[in-house]
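Working notes, beginning with the structure itself.
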Amino acid sequence: MVRTFVLLNGGAWPYLNRLVVALRQARSDAATLRHHHSISFLRQCMCGGTYISQGRAGVFDVGVSGGGGGFALQRLHHHHHHRRHRYYSLGRGDTTAITGRSLLLQPTPPPPTGTACRYLHTSKDHEASWRDSICISVDAEDETVTPINVEDQLFDMFKDEKDDTIHMGKFLAALSESGLRKSDPRLKELRNNLYEMHTQLENPRVASPTTLTLDKTSFKRVIQDNIIIISRALRHQFVIPEWHDFTEYIEEFYWSCKGATGGKVASYIPQLARFSPDHWGVAVCSVDGQRFEIGDTNINFTIQSCSKPITYGMALNELGNEKVHTYVGTEPSGRMFNAIVLDYNDKPHNPLVNAGSIIINSLLQALVLPGMSSSEKFDFVQQYFRRMAGGENIGFSNGTFLSERENADRNYALGYYMRENKCFPDKCDLMASLDLYFQVSVDLDG
């Protein structure tokens with residue numbers, strides 16, 4: 001069997017999607033793709049170029065190393081996460097020719113018996129641009145990889161060898177170690193399946209669902225609906241694979257800063273000045289939904305200007321880039337965030353200064369579902385925030401809203417100044433738009 005892969009030299013990361021497509025076409029639906037992050041391994045095995053790994057269970061690793069390359073395509077063996085991989089690394093040579101738009105690779109004489117290497121060389125005569133995207137056909141007939149069911153792999157990983165069962169508490173603890181919360185909405189089906197299985201016990205009050213011990217069939221039924229995210233978590237395929245090590249750094253930062261007493265709480269709104277300066281908490285959420293918190297993270301706080309990028313994203317999602325930037329620019333103002341100033345096109349400079357954010361909220365008020373009343377629009381925006389927070393609770397501080405509205409002379413001045421310069425959309429209610437601007441900034445998180 002001959003498999004064809006597109007391998008990319010260093011500096012070609014933007015084109016990795018092509019590589020993903022090629023790999024997925026070359027393997028079965030069960031194949032997964034992950035990035036290799038072991039710098040020490042790269043230093044040991046590579047002087048430059050690209051590598052690709054085919055795991056015994058149909059798992060592929062892809063990565064790019066920097067530096068010069070003086071060797072060819074070779075197979076290496078390396079243990080990583082308790083799985084044995086076959087690595088191919090692409091170097092540069094001078095024995096192959098280019099024909100039209102195809103780069104042809106030819107094997108050099110076979111290596112001595114007993115070695116685990118194959119050599120393919122690329123031509124030094126072709127243009128440099130062709131060296132950045134090389135298509136290679138690898139003869140893989142000597143090693144057939146039989147796909148293994150992912151659920152079976154996970155069961156074998158956590159099962160008790162004595163009775164061939166798995167303790168769900170141990171399994172869920174492993175998921176937590178990857179950064180997933182037990183309340184993660186993406187694990188809703190797992191929780192429901194586990195609860196359903198728990199209710200089928202003769203006396204379900206004796207134990208909780210997390211204390212269940214399941215055989216393979218029951219275990220597979222519990223996890224089957226969320227197998228993709230579970231597999232990614234337990235195979236260390238999240239954006240931060242070594243989550244425990246990462247959180248240790250966060251804890252170290254937290255404790256090193258906890259003793260700092262400089263600065264003072266915000267006082268531009270009287271309600272904010274009442275917060276205790278001793279509150280200190282850190283919460284982290286990765287793009288893969290890995291979460292960690294330490295300190296006073298259960299105390300609600302208003303998000304203030306952190307609402308600006310969120311409402312900007314909402315406007316882009318609902319109205320599109322072209323419509324939004326008909327009313328607001330994209331450049332830095334070079335002035336204070338609350339300056340009463342517009343750009344040369346009589347528009348706010350960008351959505352993250354006060355003037356720009358007021359305009360963004362006016363677009364949400366006047367152009368997104370325009371038939372809504374102000375109260376309905378407030379509920380709409382609240383639900384939007386809640387969905388973006390993964391269903392977590394988002395509150396509202398009416399006291400802070402009233403305090404902000406009572407002390408908003410400059411923002412009212414900005415509103416009237418922009419209305420004079422015809423910055424707002426037609427039929428815009430200025431007071432309703434300013435109210436929405438104040439309301440979103442006093443949404444509560446915690």
Student check: side-chain heavy atoms of M372 and F380 closer than 4.5 Å = yes

For the residue pair S441 and E404, confirm or rule out a side-chain donor-acceptor distance under 3.5 Å.
-> yes

Ion pair present between D435 and R405, side-chain N to carboxylate O less than 4.0 angstrom?
-> yes

In terms of heavy-atom contacts, does CG of D426 have more than 12 from other residues, nucleotides or ligands at under 6.0 Å?
-> no

Any ion pair linking K323 and E318 (charged N to carboxylate O, less than 4.0 Å)?
-> no

Taking atom types as modelled, find out whether Q290 and R181 have a side-chain donor-acceptor pair closer than 3.5 angstrom.
-> no

Specify whether F401 and F438 have parallel, tilted or perpendicular ring planes, treating 30° as the upper limit for parallel and 60° as the lower limit for perpendicular.
-> tilted

Side chain proximity check, Q271 to R274, heavy atoms < 4.5 angstrom = yes

Contact summary for L369 and K377, nearest pair of heavy atoms | O-NZ, 3.7 Å

Tell me, yes or no, whether the heavy-atom count around R386 atom CZ, taken from other residues, nucleotides or ligands under 6.0 Å, exceeds 12.
-> yes

Find out whether R410 and N338 are in side-chain contact, i.e. whether some heavy atom of one side chain is under 4.5 Å from a heavy atom of the other.
-> yes

Y254 side chain near K258 side chain, heavy-atom distance below 4.5 Å = yes

State, with a plain yes or no, whether a side-chain heavy atom of Y327 is found less than 4.5 Å away from one of C423.
-> no

Smallest separation among heavy atoms of S403 and N407, with atom names | O-ND2, 2.7 Å

Using atom types as modelled, flag every donor-acceptor pair under 3.5 Å from a side chain in residues 303-314 to any protein atom, sequence neighbours excluded.
| unit_1 | atom_1 | unit_2 | atom_2 | d |
| --- | --- | --- | --- | --- |
| Q304 | OE1 | Y268 | OH | 2.8 |
| Q304 | NE2 | T302 | OG1 | 3.0 |
| S305 | OG | K308 | NZ | 3.3 |
| S307 | OG | Q304 | O | 2.9 |
| K308 | NZ | N354 | OD1 | 2.5 |
| T311 | OG1 | S307 | O | 3.1 |
| T311 | OG1 | K308 | O | 3.1 |
| Y312 | OH | H325 | NE2 | 2.7 |

Check the surroundings of atom CD1 in I340: do more than 12 heavy atoms from other residues, nucleotides or ligands lie under 6.0 Å from it?
-> yes

Check the angle between the aromatic planes of Y195 and H198 and answer parallel, tilted or perpendicular using the 30° and 60° thresholds.
-> tilted

Is K188 salt-bridged to D225, going by a charged N under 4.0 Å from an acidic O?
-> no

Side chains of E189 and N192: does their closest heavy-atom pair fall under 4.5 Å?
-> no

Mind listing the closest non-hydrogen atom pair of P351 and G329 along with its distance?
-> CD-O, 3.6 Å

Answer whether the closest heavy-atom distance between the side chains of C257 and W280 falls below 4.5 Å.
-> yes

Derivation of the ring pair (Phe, Tyr, Trp, His ring centres under 6.0 Å) call for F378 and F396 = CA-CA 11 Å; F378 170 77; F396 176 76; 5.0 Å; yes

Cationic N near anionic O, under 4.0 Å, E392 to R387 | no

Considering all heavy atoms, the nearest S178-A233 contact = OG-CB, 3.4 Å

Enter the distance from L363:CG to I358:CD1 here, rounded to the nearest 0.5 Å.
-> 12.0 Å

Main-chain N/O of D184 paired to R191 side chain as donor or acceptor, under 3.5 Å | yes

For the side chain of S433 and the backbone of D429, is there at least one donor-acceptor N/O pair under 3.5 Å apart?
-> yes

Shortest non-hydrogen contact from H349 to P332?
-> CD2-O, 3.9 Å

Any chance you could lay out the ring pair (Phe, Tyr, Trp, His ring centres under 6.0 Å) test for F219 and F171, step after step, and finish with the verdict?
-> CA-CA 10 Å; F219 172 74; F171 179 77; 5.1 Å; yes

Do the side chains of I227 and E151 get nearer than 4.5 Å, heavy atoms only?
-> yes

Might you point out which heavy atoms bring M418 and A355 nearest each other, and give the distance in Å?
-> CE-O, 3.5 Å

Value for OG1 (T326) from CG (N321), rounded to nearest 0.5 Å, stands at 9.0 Å

D152 bridged to K220 by N-O distance under 4.0 Å = yes

